K.L.:
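Here it is, the structure in full.
Residue numbers start at 1 and run along the sequence shown. Counting convention: from 1, in listed order, for ligands and their atoms alike. Note that the structure is a prediction, hence the values are computed from the model and not measured.
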Amino acid sequence: MNTESNVLAGKAALITGAAYGIGRIIARVFAEAGASVVVADIRKAEGEVVAKAIRDAGLRALSVKADLRRESDIKAMIGFTVDNCNHLDIVINNARPKLSNLPFAESLKEWDLAMDVMLKAPALIAKHALPQLLKSGGGSIVNIVSTNAFFISHQPAAYHVAKAGAVQLTRYLAHEFGPHGIRVNAICPALVDLYDENKPLTSDPVNKAVTEVVVPLKRAATAEEIAKAALFLCTDSAAYITGQVLTIDGGITLGDHFHVARRAFYNASGRSS
Ligand SMILES: NC(=O)c1ccc[n+]([C@@H]2O[C@H](COP(=O)([O-])OP(=O)(O)OC[C@H]3O[C@@H](n4cnc5c(N)ncnc54)[C@H](O)[C@@H]3O)[C@@H](O)[C@H]2O)c1
């Protein structure tokens with residue numbers, strides 16, 4: 001991959017939920033940019049596979065098991081990073097739990113799971129990472145959120161609400177941590193061509209056809225495109241950017257529903273509009 005080399009040289013980056021999906025690619029892209037990365041995930045064995053593949057490429061990566069529902073695991077994963085990398089400069093909050101996709105059918109347990117992993121954990125990670133980021137003289141936190149913070153999809157209510165909260169958490173932390181030289185930003189992807197444990201979203205012909213109609217750029221994002229945006233936000237090129245929400249959606253949220261549905265109808269019926 002043609003990642004800018006060494007823009008993160010000397011930095012230590014902790015990435016949650018990095019055993020799979022977007023987080024796995026962020027870990028690789030950050031390591032290629034010179035960072036020492038810590039792959040944190042509830043799935044220890046899968047996280048170690050990711051870290052080992054990075055090490056096998058001659059780069060720096062370690063893995064740590066962390067269940068982000070537990071504050072003790074959050075503290076331990078930050079301690080592990082500092083013990084092994086000597087410092088902490090970057091945190092990417094990326095983990096998400098598996099939730100049922102039935103609309104508004106979540107149990108209390110699922111609501112708790114969504115809030116614990118996608119909202120409370122980033123807040124607690126920020127709290128426990130703060131002393132280490134201060135020791136580093138500043139740092140960067142990126143929360144991987146979703147366009148579902150603003151727009152409604154098939155995901156359950158708890159997912160939308162946790163993501164909406166993560167946007168305001170981003171703004172709160174940016175405001176509070178800014179005076180310490182710590183920047184906090186969010187990325188909102190929409191469609192990423194990783195779905196259901198790495199089965200590409202657009203391998204389904206219906207998803208592919210619909211994507212071409214509703215996304216102005218006519219495709220889903222790649223995980224690399226999300227990772228490179230996260231990388232940019234963690235470099236000195238973004239030194240004056242904080243509290244921002246970067247939507248990376250190929251333009252899907254620009255469309256007026258009526259107009260998009262009308263175009264789909266005309267495409268499907270072969271009629272010209
Ligand atoms: N994939 C998309 O199309 C898409 C779109 C918009 C936003 N996002 C966001 O991007 C991020 C990554 O999405 P993805 O599709 O790559 O996810 P994924 O499901 O592929 O990976 C999530 C990772 O989080 C880990 N995880 C789950 N519960 C955990 C816990 N309690 N403690 C620690 N780790 C835990 C999982 O083991 C997994 O490795 C998520 O925050 C998601 O909401 C994804």
Side-chain angles (χ1 to χ4, degrees), residues 14-29 38-51 63-78 80 91-99 101 109-110 112-122 124-125 142-156 158-167 169-170 186-204 207 211 215 219-227 229-230 245-250 252-253:
L14 172 62
I15 301 155
T16 73
Y20 275 102
I22 297 169
R24 179 172 62 95
I25 304 300
I26 293 175
R28 181 158 56 81
V29 166
V38 172
V39 172
D41 206 286
I42 194 169
R43 292 193 269 187
K44 166 72 178 152
E46 291 85 346
E48 179 51 25
V49 168
V50 173
S63 67
V64 62
K65 178 176 168 134
D67 180 347
L68 301 180
R69 292 171 294 182
R70 298 199 185 124
E71 190 169 9
S72 54
D73 279 24
I74 288 173
K75 285 189 196 167
M77 117 191 139
I78 291 167
F80 174 91
V91 176
I92 310 294
N93 288 305
N94 166 81
R96 71 144 151 203
K98 270 210 182 322
L99 301 170
N101 280 347
K109 204 171 154 198
E110 272 199 305
D112 286 344
L113 180 61
M115 295 303 149
D116 285 353
V117 178
M118 296 188 290
L119 187 52
K120 290 191 216 164
L124 290 170
I125 290 168
V142 175
N143 295 324
I144 308 298
V145 188
S146 166
T147 49
N148 287 169
F150 308 105
F151 300 93
I152 308 305
S153 79
H154 68 285
Q155 296 282 359
Y159 182 84
H160 290 78
V161 174
K163 292 299 189 183
V167 167
L169 176 68
T170 301
I187 286 176
C188 287
L191 302 174
V192 183
D193 224 343
L194 274 174
Y195 194 69
D196 197 11
E197 304 201 345
N198 296 347
K199 185 169 145 246
L201 173 83
T202 50
S203 64
D204 173 338
N207 285 343
T211 298
V215 182
R219 63 176 178 85
T222 64
E224 279 83 3
E225 286 168 327
I226 307 302
V245 179
L246 181 56
T247 296
I248 305 180
D249 69 349
I252 190 172
T253 58

K.L.:
Taking NZ, NE, NH1 and NH2 as the nitrogens, is one of them in E224 or R28 under 4.0 Å from a carboxylate oxygen of the other?
P.N.:
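Counted as a salt bridge, because a side-chain N and a carboxylate O are separated by less than 4.0 Å.
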K.L.:
Once you restrict to heavy atoms under 4.0 Å, what part of L68 touches ligand 1? Side chain, backbone, both or neither.
P.N.:
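Contact part for L68 vs ligand 1: both backbone and side chain.
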K.L.:
Within a distance under 4.0 Å of any heavy atom of V117, pick out the atoms of ligand 1 and give their elements.
P.N.:
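This gives 31 (N) as the contact atoms.
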K.L.:
If the contact criterion is a heavy-atom separation under 4.0 Å, does A40 count as touching ligand 1?
P.N.:
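In this structure, A40 fails to qualify as a contact of ligand 1 - no heavy atom is under 4.0 Å.
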K.L.:
Under 4.0 Å, heavy atoms only, figure out whether ligand 1 is touched by the backbone of A66, its side chain, both or neither.
P.N.:
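The answer is the backbone of A66.
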K.L.:
Under 4.0 angstrom from ligand 1, any heavy atom of K163?
P.N.:
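Judged by the 4.0 Å heavy-atom criterion, K163 does count as contacting ligand 1.
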K.L.:
Looking only at heavy atoms, what is the nearest atom pair of S153 and N148, with distance?
P.N.:
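In this case the closest contact between S153 and N148 is OG-OD1, 2.8 Å.
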K.L.:
Specify side chain, backbone, both or neither for L201, according to which of its non-hydrogen atoms lie closer than 4.0 Å to ligand 1.
P.N.:
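Looking at L201 and ligand 1, no heavy atom falls under 4.0 Å.
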K.L.:
Using heavy-atom distances only, which candidate in V192, N94, V145 approaches atom 9 (C) of ligand 1 most closely?
P.N.:
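Nearest heavy atom to atom 9 (C) of ligand 1 lies in V145.
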K.L.:
Give the numbers and elements of all ligand 1 atoms closer than 4.0 Å to a heavy atom of L194.
P.N.:
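Those of ligand 1 that fall under 4.0 Å from L194 are 1 (N).
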K.L.:
Kindly say whether T202 contributes a backbone atom to a donor-acceptor pair with the side chain of D193 at under 3.5 angstrom?
P.N.:
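It does hold such a pair.
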K.L.:
If every non-hydrogen atom of A18 is compared with every non-hydrogen atom of A27, which pair is closest and at what distance?
P.N.:
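That closest heavy-atom pairing would be CB-CB, 4.5 Å.
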K.L.:
Which of the numbered atoms in ligand 1 are below 4.0 angstrom from a heavy atom of Y159?
P.N.:
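Every atom of ligand 1 under 4.0 Å from some heavy atom of Y159: 7 (C), 8 (N), 42 (C), 43 (O).
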K.L.:
Show me which atoms of ligand 1 lie under 4.0 Å from any heavy atom of G17.
P.N.:
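Going through ligand 1 atom by atom, the ones under 4.0 Å from G17 are 23 (C), 24 (O), 25 (C), 39 (O).
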K.L.:
Closer than 4.0 Å to some heavy atom of I144 - which atoms of ligand 1 meet that?
P.N.:
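With I144 as reference, the close atoms of ligand 1 come out as 9 (C), 10 (O), 11 (C), 41 (O).
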K.L.:
With a 4.0 Å heavy-atom cut-off (strictly under), which part of N148 contacts ligand 1: side chain, backbone, both or neither?
P.N.:
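Answer for N148: neither.
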K.L.:
So, the side chain of D116 versus the backbone of R69: is there a donor-acceptor pair under 3.5 Å, distance only?
P.N.:
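The answer is no, because no donor-acceptor pair under 3.5 Å joins these two groups.
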K.L.:
If you measure from each heavy atom of T16 to ligand 1, is any distance below 4.0 Å?
P.N.:
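Under 4.0 Å: no for T16.
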K.L.:
Distance check, rounded to the nearest 0.5 Å: K98 atom NZ versus E110 atom CD?
P.N.:
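So the gap between those two atoms works out to 12.0 Å.
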K.L.:
Within the side chain of E225, is there an N or O that forms a donor-acceptor pair under 3.5 Å with the backbone of T222?
P.N.:
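Such a contact is found between E225 side chain and T222 backbone.
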K.L.:
May I ask you to identify, for A223, whether its side chain, its backbone, both or neither come under 4.0 Å of ligand 1 on a heavy-atom basis?
P.N.:
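No part of A223 comes within reach of ligand 1.
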K.L.:
I'd like to know if the side chain of S146 reaches the main chain of C188, judged simply by a donor and an acceptor atom lying under 3.5 Å from each other, with no hydrogens or angles considered.
P.N.:
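No, S146 side chain to C188 backbone: no donor-acceptor pair under 3.5 Å.
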K.L.:
Using heavy-atom distances, let me know which of L113, I74, I42 sits nearest atom 34 (N) of ligand 1.
P.N.:
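It is I42 that holds the nearest heavy atom.
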K.L.:
Please say whether I22 places an N or O atom under 3.5 Å from an N or O atom belonging to ligand 1.
P.N.:
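Yes, at least one N or O pair falls under 3.5 Å.
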K.L.:
Heavy-atom contact check, 4.0 Å cutoff: does T147 meet ligand 1?
P.N.:
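Contact check T147 vs ligand 1: negative.
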K.L.:
Donor-acceptor check, side chain of N94 to backbone of T16, threshold 3.5 angstrom: yes or no?
P.N.:
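Checked: pair present.
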K.L.:
Are I26 and I144 packed together at the side-chain level, in the sense that at least one heavy-atom pair is separated by less than 4.5 angstrom?
P.N.:
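Sidechains of I144 and I26: in contact.
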K.L.:
Taking 4.0 angstrom as the limit and counting only heavy atoms of G21, give me the atoms of ligand 1 inside it, by number and element.
P.N.:
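That gives atoms 16 (O), 20 (O) of ligand 1.
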K.L.:
Check whether the side chains of T170 and N143 place a donor and an acceptor atom closer than 3.5 Å, and report yes or no.
P.N.:
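Indeed, the side chains of T170 and N143 share at least one donor-acceptor pair under 3.5 Å.
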